[in-house]
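A short write-up of the structure that comes next.
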Amino acid sequence: ENAARLTSAAVAPATPVSTLAEDVHAGLLSRPRSLPPKYFYDDRGSELFEAICRTREYYPSRTEAALLAAHGREIIEYARCDHMLELGSGSSRKTRHLLDACDALGHACSYWPFDVSAQMMLDAGAALVHDYEWLSVHALIGDYTGGLDNLPLPSSGRRLIVFLGGTLGNFEPGPAQQMLEQIASLMRDDDQLLLGVDRVKDSATLEAAYDDAEGITAEFNRNVLRVLNRELGADFPVDSYRHRAVFDREHNRIEMRLGAQKAHRVTLPTLDTAIDMDAGEEIVTEFSHKFTPGSLAAMLQAAGLEVNRHFEADGGAYSLVLAGR
Ligand code: AVJ
């Protein structure tokens, strides 16, 4: 009977999503060399990210979860959603705070997780339909960066689009704008976006959050080179790369970088090319943008959305906003 309340469907990207090989070729041959952060998350990378969330220094995940727990009911009462679409749902661990609020309010809605990892979504979905007997889960398998045009969402009913984890921060301003515009184009007047973003704060706190004393973030960062070695047959000397996290206050972003300790050549057989790393040369592996209430409102407004509710953690450490047309 639970199985009837869990379905899945593949979502074809509306615009072609580049392959790992294409992304790596473009990124490593540009200057400074760079890699897209989405390739962090193989099984080991996902485990390392979960471990990062348990470090003392990395506050964003637990801070966002506390906001969801504290304000879940207000969010659901405001949105009164019939359908909840989550972009990059992962294990849906934090979404449970919203489903608990639905439960407490006797408000039934259906849940549409949208993620590239089918197995993680189906495992999470099976647990969710067991834990919430009113819930139906429609897992959407795909890459939301390929666009939101082909989503098999019902045409009727109010939607709450959930985009948590500060993941919007990984996008540079242009692509972030495009992502919000895609979300806005999906929304109708009585739909809401629930967006979680990390906030600008002192460099020491921010840099520590991306360079924990145990070195788990360093391992997470170096792991992307292991992904390349495995997927492209490359020969990065992974352990010799030095992790660095720097807060760039001009762009309000944490930059994670991997620095070559000594000059060496890396062959990339699948790309039929090789790169020569200079001693000390760095590969930029992630931007994590931080926002102020002003920059957040401006970005949403540029996408045609306005902030309806703004929940912020103590000291303005993190923001959760409900935004609509
Ligand atoms: C999952 C992308 C939100 O940018 O804070 C954590 C990933 N990188 N530690 C972030 C991350 C280094 C995280 N996001």
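Start at 1 and go down the list; that is how both ligands and their atoms are numbered. Index from 1, following the sequence.
A donor-acceptor pair shorter than 3.5 Å can be found between the side chains of Gln119 and Asp123.
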Once you restrict both partners to nitrogen or oxygen, which atoms of ligand 1 have a protein partner under 3.5 Å, and how far apart are they?
residue: ligand 1; atom: 4 (O); partner: Ser288; partner atom: OG; Å: 2.8
residue: ligand 1; atom: 5 (O); partner: Tyr58; partner atom: OH; Å: 2.6
residue: ligand 1; atom: 5 (O); partner: Tyr210; partner atom: OH; Å: 2.6
residue: ligand 1; atom: 8 (N); partner: Glu286; partner atom: OE1; Å: 2.7
residue: ligand 1; atom: 8 (N); partner: Glu286; partner atom: OE2; Å: 3.4

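In Asp202, the CG atom is crowded: over 12 heavy atoms of neighbouring residues, nucleotides or ligands sit closer than 6.0 Å.
Ion pairing between a basic and an acidic side chain is recognised when a charged N comes within 4.0 Å of a carboxylate O; Glu214 and Arg56 show no such pairing. At a threshold of 4.0 Å, the pair Arg230-Asp42 counts as salt-bridged, since one of the basic side-chain nitrogens sits closer than that to a carboxylate oxygen.
If you look at Phe220 and Tyr41, their ring centroids are closer than 6.0 Å.
No option in His83, Glu86, His138, Arg5 other than Glu86 meets the side chain to side chain donor-acceptor pair (under 3.5 Å) test with Tyr111.
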